[in-house]
Number of protein chains: 2
Amino acid sequence: MTLKPRRTKVEPPKFNGKRPTINDVARLARVSKKTVSRIINKSPFVKEKTREHVDAIIKELGYRPDPMAQGLASKRSFLVGLIYDQPNPQYVIDMQQGILDVIRGSGFELLVHPCRRQAPDFLQNVRAFVERQKLAGVVLPPSVSEDDALIKILQEFDCPYVRIASVPLDEPEHSIVTHDAEGAQEAAEHLAELGHTRIAHVSGPDTFRSAHERRAGFVKGLKAHKLKLERELDVKAAYTFQSGLEAGRKLMELADPPTAIFCGNDEMAAGVCQAVREAGREIGKHVSVVGFDDSPLASRLWPALTSVLLPIRLMGRMASTRLLGDSLIGEPPPEEALGEVHPKLVVRGSTGPHRI
Amino acid sequence: MTLKPRRTKVEPPKFNGKRPTINDVARLARVSKKTVSRIINKSPFVKEKTREHVDAIIKELGYRPDPMAQGLASKRSFLVGLIYDQPNPQYVIDMQQGILDVIRGSGFELLVHPCRRQAPDFLQNVRAFVERQKLAGVVLPPSVSEDDALIKILQEFDCPYVRIASVPLDEPEHSIVTHDAEGAQEAAEHLAELGHTRIAHVSGPDTFRSAHERRAGFVKGLKAHKLKLERELDVKAAYTFQSGLEAGRKLMELADPPTAIFCGNDEMAAGVCQAVREAGREIGKHVSVVGFDDSPLASRLWPALTSVLLPIRLMGRMASTRLLGDSLIGEPPPEEALGEVHPKLVVRGSTGPHRI
DNA sequence: GCTTTCCTTGACACCGGTGTCAGGACGCGC
DNA sequence: GCGCGTCCTGACACCGGTGTCAAGGAAAGC
């Protein structure tokens, strides 16, 4: 309830009781409103001296352009859209936070638009959203980033976009690549090096490209150790806890159950852990489990989950930096200017050496 | 990758290659644009026949008013703000989802605005946000809902708001009450009825009213069973996993540690569970643990966490229903029209009878 | 010195709606 | 038939910016 006392309210000098407009600035600066407009838009065709003079008045008045008016006139808003179909709350929050890290203070705002890609009106819905809001750009995490029809619509409306994908796309300037396969490969090798040979995989749904990538990287990692993914140890699930639980039960019921399980994400890994326990076996001892995402959940489980870390917040920063580019004030930190990230395995208690 | 085939694109009849405007509608309907404006704003001063005629043209053209233009002219946008300072991702996601449940399809959109209430520029920041965007309304979950200075700013800009609070406020028409104390009381009684007498509490930070309420309700529940909260069993934490872990360790180091622990939220409960395990004791057997929120985390832990359920998504629906009221199409479901919710204890494996 | 060219600025229409207010149509009482 | 109130509609200015284009002034070329 008690907070530090705040600075006394800094009342910005108001004009005639209300917000100053571009007309007020123009009048006081004795220039046309068009010149003021040029200055707030950083047009290069303004004499240095004029700019300084007007900038001073702008600061004095505390003038800030009205986004609605700008939007109406220029047919482009200052809203960034985040369109997603993601079951994982932490992913969404981190992504939002990353985008906000970048746009904060730049005059842009974040509009969130969850959707269900499977819904029959998905495209109509997104089309209406994009068309009406005249978005400054949209960030597309998986799996919407993989929807070609959606991309077409965005192009049709000249709406800039950045796709976040697990593999390089044909338009690198509009994408952030996460190389999921590398992380999965690392996970497989980690388990193989612990001596496991009967290693199972619980994969995400077909509708996610990442599910394929993670599985493929995993298989590749196994192959590097002369192992392969047995058919009965290759289970499909849905990136949800419940589906992981069911997949885990199926694996535990096998005549010769696996001693290690790599899961396509942490939610499913949590479900698998529960199934392992139900079967009376101990995580990290009888059965090693690895997740993917390194969500907070991973460290809250017991034993804590070994998982593949994806720097989602950084990805959000990268995506919005790409999107807005020069519209932003100042140079972005170098790491944000990149277009790729690499997953990293975080080893915790849920994986341990194979016991005979 | 494979999705059900979608309906073929329903191309809305466009006007001259671009979106139809109010002028197009007016011209085709042979009325003034003002009359069209009246119709889209559901003004009662329009003859039934005129309305039908114009509505037909609107539908035929697929006309939708431009939110920017409406915003500029009416000085009010169609954006709903969610201003929050919440460490719990699941809370935020659920709240967002609840709001979106209601506004979807009504032309409103959701703008997210996380902030740190402790930051020196907190008020300036929110003020700028509200002033510039001319929000249709804002939803204020705890703890920002408890900030009187913030409320004043919103009133100053005539920005409608709904506060979500753990106790009734002095403006019931602008608030959703969650009665946290009831849930905490229920948790205390549950533990007492299991035979526990040395019951600890790990509370949230002072900056959250809910932390007080939950503690107070808990104490009340104890009192009903002639128990009281010992000073050494009353630990303050910060609603985070890490702080819960530290609080749990402190409790486990006591000469006479508690046999049951009620935590102000699930994150802290997860930390406490970990501390209990570190101390070599078993959850639900040697030490019972109860959380608050019933977040997904609760059911993913092992044993699953007994927790107090708060219907956050419903709260989000209620809040936005209140906010937008008549601007929404159709009647809201009765449950959403209410202004109160009541927490409910969900018993799982983390609590069990006291053993001597 | 005069013309040409480039740079800088402003006038004005326009973006797509809403607010104000005046005026026409209509029904009613006398 | 006239006056009056009610109901409905449209003309027009306006919201606060941006796009277009032409003009003014300075610098460069002859």
Side-chain angles (χ1 to χ4, degrees), chain A residues 14-55 57-58 61-79 107 131-134 136 327, chain B residues 14-55 57-58 61-79 107 131-134 136 327:
Chain A
K14 298 214 182 140
F15 210 81
N16 185 19
K18 31 201 298 240
R19 281 181 72 179
T21 74
I22 199 171
N23 293 302
D24 300 322
V25 176
R27 188 152 24 80
L28 265 77
R30 300 174 178 289
V31 296
S32 74
K33 52 196 273 197
K34 182 65 218 188
T35 296
V36 180
S37 168
R38 286 198 183 91
I39 286 168
I40 60 187
N41 288 295
K42 308 205 188 314
S43 156
F45 305 115
V46 179
K47 223 195 303 181
E48 186 53 32
K49 210 176 142 190
T50 314
R51 180 193 313 283
E52 281 169 16
H53 174 221
V54 177
D55 266 339
I57 308 257
I58 288 179
L61 254 46
Y63 166 72
R64 303 240 45 196
D66 178 333
M68 308 264 202
Q70 289 183 294
L72 176 58
S74 67
K75 301 176 180 313
R76 184 111 291 174
S77 76
F78 289 86
L79 302 174
E131 179 172 18
R132 273 170 62 79
Q133 301 302 327
K134 305 194 184 98
S327 324
Chain B
K14 295 212 184 145
F15 210 83
N16 185 18
K18 30 199 299 238
R19 280 180 72 178
T21 73
I22 199 171
N23 293 301
D24 300 322
V25 176
R27 187 152 27 79
L28 264 76
R30 301 173 178 286
V31 296
S32 74
K33 52 197 273 196
K34 181 65 216 186
T35 296
V36 180
S37 169
R38 285 197 184 91
I39 287 168
I40 60 186
N41 288 295
K42 307 203 189 315
S43 156
F45 304 114
V46 179
K47 222 196 303 183
E48 187 53 32
K49 210 176 145 192
T50 314
R51 181 192 312 283
E52 280 169 16
H53 174 221
V54 177
D55 266 339
I57 307 261
I58 287 178
L61 254 46
Y63 166 72
R64 304 240 43 195
D66 178 333
M68 308 263 203
Q70 289 183 294
L72 176 59
S74 67
K75 300 175 181 312
R76 184 110 294 175
S77 76
F78 289 87
L79 301 174
E131 179 173 18
R132 274 170 62 80
Q133 301 301 327
K134 306 198 186 93
S327 324

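Here is how names work: the chains are called A, B, and so on, in the same order as the sequence lines, proteins then strands, and each is numbered from 1.
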In whole angstrom, what separates A:R38's CZ from C:dG10's C1'?
8 Å
In this structure, how many angstroms lie between the P atom of D:dC15 and the CG atom of A:D24, rounded?
10 Å
Examine D:dG16: is either OP1 or OP2 under 4.0 Å from a nitrogen or oxygen in the side chain of B:K75? Give yes or no.
yes
Is there, by distance only and without an angle test, a donor paired with an acceptor across the side chain of A:K33 and the base of D:dG17 below 3.5 Å?
yes
Atom-to-atom span, CE of B:M68 to P of D:dC14 - whole angstrom
24 Å
Is B:S32 near enough to D:dT9 that one of its side-chain N or O atoms lies under 4.0 angstrom from OP1 or OP2?
no
B:T35 vs D:dT9: side-chain N/O to OP1/OP2 distance below 4.0 Å
no
Below 4.0 Å: OP1/OP2 of C:dT9 and any side-chain N or O of A:T50
yes
Establish, with yes or no, whether the OP1 or OP2 oxygen of C:dG16 is under 4.0 angstrom from a side-chain nitrogen or oxygen of B:Q70.
no
Protein-nucleotide distance (B:K47, atom NZ; D:dC7, atom P), rounded to Å
14 Å
Would you indicate, yes or no, if C:dG17 has its OP1 or OP2 atom less than 4.0 angstrom from a side-chain nitrogen or oxygen of B:N23?
no
For B:S77 versus B:A136, what's the shortest heavy-atom pair and its separation?
O-CB, 3.4 Å
Closest non-hydrogen contact found for B:N23 with B:K33 is OD1-CD, 3.4 Å
